2 protein chains.
Amino acid sequence: MKERRIPKETIDRLPLYLRCLDKLIEQGEENISSENFSNRLNLNSAQVRKDLSYFGDFGKRGVGYETKKLASKIRTILNLDQKWKMALVGVGNIGSALLTYSGFDRRVFEVTMAFDRNPQLIGQEIDGVEVEDVSTVSDRIAEENVKLGIIAVPASSAQKVAEMLVKGGVTGLLNFAPTLLDLPEDVQLAQVDITKELEQLVYYL
Amino acid sequence: MKERRIPKETIDRLPLYLRCLDKLIEQGEENISSENFSNRLNLNSAQVRKDLSYFGDFGKRGVGYETKKLASKIRTILNLDQKWKMALVGVGNIGSALLTYSGFDRRVFEVTMAFDRNPQLIGQEIDGVEVEDVSTVSDRIAEENVKLGIIAVPASSAQKVAEMLVKGGVTGLLNFAPTLLDLPEDVQLAQVDITKELEQLVYYL
DNA sequence: CAGTGTGAAGATGTTCACAGCG
DNA sequence: CGCTGTGAACATCTTCACACTG
């Protein structure tokens with residue numbers, strides 16, 4: 001096990017390794033070589049070996065990596081062996097899509113609270129989650145000890161919402177609003193910016 | 001004007017510059033310095049100057065960059081001074097959210113066609129767009145000369161849908177399914193992977 | 001002997017520092 | 001005089017190449 005700093009690009013790839021491993025496990029594969037891995041993910045095989053070696057020596061020379069053991073190890077590294085409750089703010093188009101989104105593994109990620117400012121929505125139940133008044137968000141998430149927040153409000157109110165979530169104790173934010181958020185250093189941010197993706201995409205066309 | 005290759009990180013940042021400029025223009029600002037820019041976007045000011053200089057010498061020494069001229073230039077670089085019609089495949093949670101999403105500038109990006117395989121959805125109209133049978137997608141987008149496709153189907157059918165879209169002539173894809181797509185070299189891909197974002201996020205918590 | 005783990009080389013991106021222009 | 005544009009230094013990430021091991 002090395003003590004070197006881990007490149008964020010490596011962290012970027014871990015979820016992809018994991019997905020690939022889960023597929024292999026389902027198919028009954030017990031081992032995979034870095035070469036095979038790299039073909040499936042369009043990477044260089046040395047990249048795969050280096051990425052994995054940051055966390056210890058998992059591979060068997062001449063054989064490869066044990067799929068089950070490696071998958072479980074990656075889950076531990078990424079903190080996926082616990083349940084993350086999430087608070088959603090903004091139950092509009094995207095927000096309500098997330099509430100009913102079936103792509104999450106609910107043993108790991110689940111939206112357990114939802115907030116909006118629209119009185120028509122407050123009190124309604126969507127997929128088992130009751131929409132609450134956004135003005136109560138700081139207190140409520142502190143009460144429920146929720147550490148992840150999802151911002152699905154218009155850009156104009158995103159910063160305000162972020163501050164309310166931080167006040168309530170979240171340490172991670174997933175932001176769908178096309179805005180740069182100004183956050184305390186100890187709060188992590190993941191940004192999903194659809195318009196930006198499209199704008200970049202068409203540059204290459 | 002330099003002939004150097006442009007780093008993709010630079011292309012990544014152009015949409016952010018543009019957003020920032022649009023805000024400044026709205027506020028009536030006529031000029032902005034690289035220093036001011038870099039503060040707003042949490043970058044190094046040399047970075048800003050280098051990024052912009054790839055496309056020509058837009059700045060006035062001692063003054064900065066003309067907001068309107070620069071915004072217009074960036075739009076041209078990114079190919080945003082034309083209208084991009086988009087075909088959406090998969091009118092589920094995320095798909096229907098995208099159909100009614102108000103975050104796009106409709107002079108640039110608009111979902112003009114939608115497809116699904118669910119007979120209950122086919123024929124329905126959502127936000128002015130009629131949902132058509134996915135089996136017709138290749139022909140229909142060729143007919144309408146649509147060059148951008150959005151994949152919002154489950155991972156299991158994403159590759160198949162991608163192939164239908166490519167057959168119909170798209171050159172750019174925005175994929176929401178958590179899968180690696182295997183595409184021809186001349187088809188550009190943008191990936192929006194919410195689960196991956198979350199998995200990376202919690203690593204840092 | 002196939003396939004890992006890893007120094008070293010190479011590629012790419014960022015920041016510094018300053019000459020030079022408006 | 002202020003701020004751009006840009007070589008050069010630095011930092012980071014990727015790939016090569018090969019010693020070594022199960």
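In what follows, every chain begins at residue 1, and chains take the letters A, B, ... in the order their sequences are listed. Note that the structure is predicted; figures quoted are calculated from it, not measured.
Inspection of the B:Tyr203 and A:Asn79 side chains reveals no N or O donor paired with an N or O acceptor under 3.5 Å. Side-chain atoms of A:Thr10 and A:Asp51 form a donor-acceptor pair, as typed in the model, at a separation below 3.5 Å.
Here the P atom of nucleotide C:dT6 and the CZ atom of A:Phe58 are 12 Å apart, to the nearest Å. Computed from coordinates, the B:Glu66 CD to D:dC3 P distance equals 16 Å when rounded to whole Å. In this structure, B:Lys60 places its NZ atom 18 Å from C1' of D:dC1, rounding to the nearest Å. Distance CZ (B:Arg49) to P (D:dG7): 14 Å, rounded to an integer number of Å. Rounded to whole Å, atom P of D:dT12 lies 14 Å from atom CD of B:Glu9. Distance CG (B:Asp51) to C1' (C:dT14): 10 Å, rounded to an integer number of Å. Between the CG atom of B:Asp12 and the C1' atom of C:dG13 there is a distance of 12 Å, given to the nearest Å. Going from atom CG of A:Asp57 over to atom P of D:dC20 covers 15 Å, rounded to whole Å.
Within the structure, every side-chain polar atom (N or O) of A:Tyr65 is placed at least 4.0 Å from both OP1 and OP2 of C:dA2. In this model, the phosphate group of D:dC13 is not approached by any side-chain N or O of A:Arg13 to a distance below 4.0 Å at OP1 or OP2.
Side-chain N/O atoms of A:Arg61 and base N/O atoms of D:dT21 include no donor-acceptor pair closer than 3.5 Å. A donor-acceptor contact under 3.5 Å links the side chain of A:Lys50 to the base of D:dT15. The base of C:dG13 has none of its N or O atoms less than 3.5 Å from a complementary donor or acceptor on the side chain of B:Lys8.
Partners of A:Glu197 by salt bridge (Lys or Arg N to Asp or Glu O under 4.0 Å), not counting sequence neighbours: none found. With sequence neighbours excluded, no residue forms a salt bridge (Lys or Arg N to Asp or Glu O under 4.0 Å) with A:Asp139. Contacts of A:Asp133 classified as salt bridge (Lys or Arg N to Asp or Glu O under 4.0 Å), with partners at least two apart in sequence or in another chain: none. Scanning for side-chain hydrogen bond (donor to acceptor under 3.5 Å, both in side chains) contacts around B:Thr100 gives A:Asn93, with sequence neighbours left out.
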Cut-off 3.5 Å, no hydrogens considered: what does the side-chain donor-acceptor table look like for residues 165-176 of chain B, sequence neighbours left out?
unit_1, atom_1, unit_2, atom_2, d
B:Asn175, OD1, B:Ala177, N, 2.9
B:Asn175, ND2, B:Ala177, O, 3.1
B:Asn175, ND2, B:Thr179, O, 3.4
B:Asn175, ND2, B:Gln191, OE1, 3.2

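The residue among A:Gly62 and A:Pro7 whose nearest nucleotide of DNA chain D is located toward the 5' end is A:Pro7.
DNA chain D lies under 4.0 Å from at least one heavy atom of each of the following residues of residues 23-48 of chain A: A:Asn44, A:Ala46, A:Gln47.
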